[in-house]
Amino acid sequence: MHLHRIDYMRGMCHVFALAAQRHTGWEMMAAMVNEGAKGETFRGYGDIVHVFLVDPDGERFDVLGKGETPEDYEEVLESQTGKTAWMIDIDEAGIAELVRMGWLREYDEGDLAMAMDDSMEVLQDEEYEIGEAAAP
């Protein structure tokens, strides 16, 4: 598969988030929504609608750059979807599990390599100071 930047907003956001996390080491989160109450983890009830990082200022970071805080993002999602929204912490192992379960789309090392380049461009565009890449 050959990813384009728009793919990171159409089902491949987890690949961008993984790549950006390797550059930064920042916390990764998944945004969840459902019709009822907030769940505890992705193993509970809910649909994953986005995977992103939280930058040192506590704001959402994805392919579009710097966004609102996770708390404000919950409110945005709730107003857009009419559903309950919440955020969960997730790591690379959690992403791999969700891919195996079919909840997130599959990707390969080529996709991740492309996302490494794309995420570095967005980090630089947002003028973050990034040191050595975090170990995968």
Side-chain angles (χ1 to χ4, degrees):
M1 175 188 311
H2 181 74
L3 292 179
H4 299 279
R5 284 208 181 175
I6 192 69
D7 294 322
Y8 303 128
M9 295 302 291
R10 292 186 177 161
M12 297 299 281
C13 55
H14 56 293
V15 179
F16 184 89
L18 283 171
Q21 187 182 50
R22 289 185 180 183
H23 289 303
T24 65
W26 298 341
E27 175 185 17
M28 188 166 29
M29 298 190 88
M32 310 285 293
V33 297
N34 76 6
E35 300 285 345
K38 294 181 180 184
E40 292 299 317
T41 70
F42 62 82
R43 292 173 187 89
Y45 297 103
D47 296 321
I48 298 168
V49 294
H50 196 42
V51 178
F52 60 92
L53 299 185
V54 178
D55 76 6
D57 296 326
E59 296 178 332
R60 180 174 55 89
F61 175 81
D62 60 21
V63 70
L64 299 177
K66 191 174 198 134
E68 62 279 283
T69 66
E71 295 80 14
D72 289 343
Y73 188 46
E74 279 183 19
E75 291 178 19
V76 169
L77 288 174
E78 288 181 351
S79 71
Q80 288 177 344
T81 66
K83 297 179 180 181
T84 303
W86 71 98
M87 307 296 139
I88 62 166
D89 292 327
I90 195 163
D91 58 16
E92 191 162 350
I95 295 291
E97 181 177 348
L98 291 169
V99 169
R100 278 192 308 276
M101 293 168 62
W103 289 17
L104 291 174
R105 289 175 45 193
E106 291 184 10
Y107 62 94
D108 59 31
E109 287 303 313
D111 297 331
L112 194 54
M114 179 171 285
M116 292 290 290
D117 293 342
D118 291 340
S119 62
M120 182 55 81
E121 285 182 24
V122 177
L123 287 161
Q124 290 170 342
D125 289 347
E126 292 290 329
E127 299 182 357
Y128 288 107
E129 292 185 24
I130 305 300
E132 288 294 312

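The basis for the numbers below is simple: all heavy atoms, side chains too, and nothing from hydrogens, waters or symmetry mates.
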Taking only distance into account, with no hydrogens and no angle test, what donor-acceptor pairs under 3.5 Å do side-chain atoms of residues 121-128 form with protein atoms, sequence neighbours excluded?
{"from": "E121", "atom 1": "OE1", "to": "R5", "atom 2": "NH2", "distance (Å)": "2.5"}
{"from": "Y128", "atom 1": "OH", "to": "D55", "atom 2": "OD2", "distance (Å)": "2.5"}

Stepwise, does the side chain to side chain contact (heavy atoms under 4.5 Å, CB included) test hold for K83 with N34? CA-CA 6 Å; K83 297 179 180 181; N34 76 6; 5.8 Å; no
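In this structure, CG on D111 lies 9.0 Å from CD on E109, to the nearest 0.5 angstrom. Distance check, rounded to the nearest 0.5 Å: CE of M29 to CE of M87 gives 7.0 Å.
Evaluation of the side-chain contact (heavy atoms from CB on, under 4.5 Å) rule for A30 yields I48, V51, I88, I90 as partners, not counting sequence neighbours. Looking at residues two or more places apart in sequence or on another chain, you find a side chain to side chain donor-acceptor pair (under 3.5 Å) between D72 and T69. In this structure E68 satisfies the salt bridge (charged side-chain N to carboxylate O under 4.0 Å, His left out) test together with R60, sequence neighbours excluded. By the side chain to side chain donor-acceptor pair (under 3.5 Å) test, D117 is found to be paired with no residue, residues two or more places apart in sequence or in another chain being considered. Among residues two or more places apart in sequence or in another chain, the side-chain contact (heavy atoms from CB on, under 4.5 Å) test is passed with R100 by A96, E97.
Both M101 and M32 are assigned to one and the same hydrophobic cluster, defined by single-linkage of ILVMFWY side chains at heavy-atom distances under 4.5 Å.
Here the shortest heavy-atom pairing between P70 and V54 reads CG-CG2, 3.9 Å.
A perpendicular orientation is assigned to the rings of W26 and F61, their planes being inclined by more than 60° (bins at 30° and 60°).
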